[in-house]
Undergrad: 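Here you go, one structure.
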Amino acid sequence: MSGVLSLVQLACIFFYVGLFAVGGGLVAATFMQQALVERYHLISAEKFYSMLAISESTPGPIGINLATYIGTELYGPFGGIVATVSEVLPAFIIIVLVSRFFAGIQKKPLVQAAFGGVRPATGGLVLVAMLSVCMLSLFDCKAFAASKSLADLFRWKSLVFYAAALLVLFRFKKVHPVFIVLAGALFGILLL
């Protein structure tokens with residue numbers, strides 16, 4: 001199936017994302033990207049990463065912001081509600097169950113081992129999300145493939161801004177990261 005999903009199918013995708021995206025919004029974004037961009041081709045990669053950037057720069061959890069944005073973009077306001085509720089529902093169910101039973105099982109070796117395995121897997125998923133965003137925003141592989149010129153491999157404006165933002169963050173420790181995010185949004189609006 002490619003290109004069209006029912007609202008029920010979209011809800012199932014976001015329920016899956018909410019159920020398995022242990023580790024936060026960037027892990028959820030990786031699952032969303034795999035399902036909505038790579039598998040069902042509902043959103044282009046460029047549009048998805050633009051949506052991710054906007055979701056990161058708005059207040060609130062990134063994964064929930066992105067689910068709301070995608071659901072609204074695809075199916076209007078009701079789609080936004082369905083996507084958001086579907087993504088949050090597994091965590092709600094798990095928290096209710098864990099709060100009821102966790103005190104009695106948290107010291108069990110199997111539970112400790114499960115948490116030990118989840119940590120590195122979560123780190124790997126966050127790394128995949130970070131690399132995907134970097135590849136799309138800092139490199140232009142299509143232009144490089146067409147011209148075979150190393151100069152065309154880089155998105156120079158983005159690369160210069162990224163380097164400047166890192167320099168400001170590491171050199172001037174008192175600059176709050178929110179100002180870098182706002183500068184990035186302004187940079188994207190004005191220059192990209």
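Reckoned from all heavy atoms, side chains included, excluding hydrogens, waters and symmetry mates.
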Undergrad: Looking at Ser137 and Ser158, what are the two nearest heavy atoms and their distance?
TA: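 Nearest heavy atoms, Ser137 then Ser158: O-CB, 3.3 Å.
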
Undergrad: Show every side-chain hydrogen bond (donor to acceptor under 3.5 Å, both in side chains) that has at least one partner inside residues 15-38, sequence neighbours left out.
TA: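 Sorted result for residues 15-38: Gln33-Glu38.
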
Undergrad: Would you mind listing every salt bridge (charged side-chain N to carboxylate O under 4.0 Å, His left out) that reaches into residues 170-192, with sequence neighbours excluded?
TA: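 Qualifying pairs: none.
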
Undergrad: Using 0.5 Å steps for rounding, measure from the CG atom of Leu127 to the OG atom of Ser132.
TA: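 Taking CG in Leu127 and OG in Ser132, the distance rounds to 9.0 Å.
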
Undergrad: Please say which of Leu19, Leu66, Ile64, Leu36 ends up in a side chain to side chain contact (heavy atoms under 4.5 Å, CB included) with Phe14.
TA: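 Result: among Leu19, Leu66, Ile64, Leu36, Leu36 is the only option passing the side chain to side chain contact (heavy atoms under 4.5 Å, CB included) with Phe14.
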
Undergrad: For the atom pair CG (Leu26) and CE (Met32), what is the distance rounded to the nearest 0.5 Å?
TA: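 Leu26 CG to Met32 CE: 10.0 Å, rounded to 0.5 Å.
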
Undergrad: Just to verify, what does Val98 make a side chain to side chain contact (heavy atoms under 4.5 Å, CB included) with, not counting sequence neighbours?
TA: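 With neighbours one apart ignored, the set is Ile94, Phe102.
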
Undergrad: Got a second to check how far Ile70's CD1 is from Leu10's CG, nearest 0.5 Å?
TA: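 Reported to 0.5 Å precision, the distance equals 8.5 Å.
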
Undergrad: So how far is it from Gln112 CD to Ile105 CD1, rounded to the nearest 0.5 Å?
TA: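 The distance works out to 10.5 Å.
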
Undergrad: Is Phe115 reachable from Leu125 through a run of I, L, V, M, F, W or Y residues, each pair having side-chain heavy atoms under 4.5 Å apart?
TA: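 Yes, same cluster.
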
Undergrad: What pairs meet the side-chain hydrogen bond (donor to acceptor under 3.5 Å, both in side chains) rule with one or both residues in residues 143-156, with sequence neighbours excluded?
TA: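 Non-adjacent pairs meeting side-chain hydrogen bond (donor to acceptor under 3.5 Å, both in side chains): Ser147-Asp152.
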
Undergrad: Just how far is it from atom CG of Leu169 to atom NE2 of His176, taken to the nearest 0.5 Å?
TA: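 It is 10.5 Å, given to the nearest 0.5 Å.
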
Undergrad: Can you run down the side-chain hydrogen bond (donor to acceptor under 3.5 Å, both in side chains) pairs that involve residues 78-92, sequence neighbours left out, and say none if there aren't any?
TA: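 Of all non-adjacent pairs touching residues 78-92, those that pass side-chain hydrogen bond (donor to acceptor under 3.5 Å, both in side chains) are Thr68-Thr84.
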
Undergrad: With a sphere of 6.0 Å drawn around OH of Tyr162, does it hold more than 12 non-hydrogen atoms of other residues, nucleotides or ligands?
TA: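 No, not enclosed.
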
Undergrad: Phe144: what forms a ring pair (Phe, Tyr, Trp, His ring centres under 6.0 Å) with it, not counting sequence neighbours?
TA: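 For Phe144 there are no ring pair (Phe, Tyr, Trp, His ring centres under 6.0 Å) partners, ignoring immediate neighbours.
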
Undergrad: Please say yes or no: joined through hydrophobic side-chain contacts below 4.5 Å, possibly via intermediate residues, are Ile62 and Leu131 part of one cluster?
TA: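 Different clusters.
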
Undergrad: Please report the closest heavy-atom contact between Pro120 and Gly117, naming both atoms and the distance.
TA: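 That would be CD-O, 3.4 Å.
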
Undergrad: Determine whether Tyr40 and Leu74 fall in the same hydrophobic cluster, where Ile, Leu, Val, Met, Phe, Trp and Tyr are linked whenever their side-chain heavy atoms lie under 4.5 Å apart.
TA: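 In one cluster: yes.
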
Undergrad: Checking Val85 now: which residues fulfil side chain to side chain contact (heavy atoms under 4.5 Å, CB included) with it, not counting sequence neighbours?
TA: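 Residues passing side chain to side chain contact (heavy atoms under 4.5 Å, CB included) with Val85: Ile81.
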
Undergrad: Within this structure, what is the CD1-CG distance for the pair Ile13 and Leu42, rounded to the nearest 0.5 Å?
TA: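 Here the interatomic distance stands at 7.0 Å.
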
Undergrad: Looking only at heavy atoms, which two atoms of Gly63 and Ala28 are closest? And how far apart?
TA: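 Closest pair (atom of Gly63, atom of Ala28, distance): CA-CB, 4.3 Å.
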
Undergrad: Got Leu7 and Phe78 here, is their nearest side-chain heavy-atom distance under 4.5 Å?
TA: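 Yes, side chains in contact.
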
Undergrad: Say whether Val126 and Val37 are linked into one hydrophobic cluster, either directly or through other cluster members, by side-chain heavy-atom distances under 4.5 angstrom.
TA: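 Val126 clusters together with Val37.
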
Undergrad: Test: salt bridge (charged side-chain N to carboxylate O under 4.0 Å, His left out). Region: residues 182-192. Which pairs qualify, not counting sequence neighbours?
TA: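 Every candidate salt bridge (charged side-chain N to carboxylate O under 4.0 Å, His left out) pair involving residues 182-192 fails, so no pair, neighbours aside, qualifies.
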
Undergrad: Going by the rule ring pair (Phe, Tyr, Trp, His ring centres under 6.0 Å), which residues pair with Phe187 if we only count those two or more places apart in sequence or in a different chain?
TA: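 Phe187 satisfies ring pair (Phe, Tyr, Trp, His ring centres under 6.0 Å) with Phe161 only.
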
Undergrad: Quick check on the hydrophobic clustering: are Phe15 and Phe20 connected, directly or via other members, by side-chain heavy-atom contacts under 4.5 Å?
TA: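 In one cluster: yes.
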
Undergrad: Just jot down the side chain to side chain contact (heavy atoms under 4.5 Å, CB included) partners of Ser50, sequence neighbours excluded, or say none.
TA: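 In terms of side chain to side chain contact (heavy atoms under 4.5 Å, CB included), with neighbours along the sequence ignored, Ser50 is linked to no residue.
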
Undergrad: Test of understanding: with side chain to side chain contact (heavy atoms under 4.5 Å, CB included), list the residues that count as partners of Tyr69, not counting sequence neighbours.
TA: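 Tyr69 satisfies side chain to side chain contact (heavy atoms under 4.5 Å, CB included) with Met51, Ile54, Ser55, Glu73 only.
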
Undergrad: What pairs of residues pass the side-chain hydrogen bond (donor to acceptor under 3.5 Å, both in side chains) test when at least one of them lies in residues 56-65, not counting sequence neighbours?
TA: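 Residue pairs passing side-chain hydrogen bond (donor to acceptor under 3.5 Å, both in side chains), neighbours aside: Thr58-Asn65.
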
